[in-house]
Amino acid sequence: MGKRYFCDYCDRSFQDNLHNRKKHINGVQHQRARKAWFDLFRDAATTLTEEQDKKVCRKFQQTGRCDFGNNCRFSHMSEEDLERLKLQAEAEERRAKEKGTSGKDYGIDAPIDLWLSKRKKQNKPVPINSSSERDETEVSDFHLPPGLPDLQNLPPSLRPPSSRTWNFPSNIEWG
């Protein structure tokens, strides 16, 4: 029988060899199915600009249906649909600005820096009471998942190490 190749976009399988795979991937059905899949994840602003650039499909406007369906090069959206899409795009843009993740305002590396700074703010160290010889408040980067007991209620073997336990003399040579 041999190996079978399954295409997730087209929901089809066929004998897996180089010729069949190339033929399928370059085929019209696969290209349309792949485009339809990725179109599901486009934002409203991109869809709006593409639909505004297209002319209105006369056949769809007259009869309410088009033989080409989603593959038609003309727009099947009415003025009300375009207005709803515009409102949706504005709402998405507002949400992105509220979150501070609008990629248009930053350079290539800025979103990573922005994410790191937000994470640093969210993961501020929490003071931990250690019950060793001295009762001091230490700062740790260790956080327990929600729902688990406090660190003070854990047995000593399960408590995270404190900064005092990792202090080594500076004059030790390691080699």
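This chain uses plain numbering: 1 for the first residue, then up along the sequence. Just so you know, these numbers come straight off a predicted model, no measurement behind them.
Within a 6.0 Å radius of CZ in Phe14, other residues, nucleotides and ligands contribute more than 12 heavy atoms.
Glu90 is listed as a side-chain neighbour of Leu87, based on a closest heavy-atom distance under 4.5 Å.
Using a 4.0 Å cut-off between a side-chain N of Lys or Arg and a carboxylate O of Asp or Glu, Lys97 and Glu93 qualify as a salt bridge.
A distance of 6.5 Å separates CD in Gln31 from CG in Asn26, rounded to the nearest 0.5 Å. We find the SG-CZ distance between Cys66 and Phe60 to be 8.0 Å, quoted to the nearest 0.5 Å. Here the straight-line distance linking atom NZ of Lys23 with atom CG of Asn17 works out to 10.5 Å at 0.5 Å rounding. Taken to the nearest 0.5 Å, the OH atom of Tyr5 stands 11.5 Å off from the CZ atom of Arg12. With values rounded to the nearest 0.5 angstrom, Thr49 atom OG1 is found 6.0 Å from Asp53 atom CG. Rounding to the nearest 0.5 angstrom, the gap separating the CZ atom in Phe74 from the NZ atom in Lys59 is 12.5 Å.
With sequence neighbours excluded, the residues satisfying side chain to side chain contact (heavy atoms under 4.5 Å, CB included) with Tyr9 are Cys7, His30, Ala33, Arg34, Trp37, Phe38. A search for side chain to side chain contact (heavy atoms under 4.5 Å, CB included) contacts involving Arg42 returns Asp39, Thr46, Thr47, Glu50, not counting sequence neighbours.
A side-chain donor-acceptor contact under 3.5 Å links Glu92 to the backbone of Ala44. At least one donor-acceptor pair under 3.5 Å links the side chain of Asn20 to the backbone N or O of Gln15.
When the options Lys55, Glu51, Lys54 are evaluated for a side chain to side chain donor-acceptor pair (under 3.5 Å) with Ser75, the one that passes is Glu51.
Listed by chain and number, the hydrophobic cluster partners of Leu48 are Met77, Leu82, Leu85, where partners are ILVMFWY side chains within reach of under 4.5 Å, directly or through others.
Asp81 and Arg84 make their closest contact through OD1-NH2, 3.0 Å (heavy atoms, listed as atom of the first residue, atom of the second, distance).
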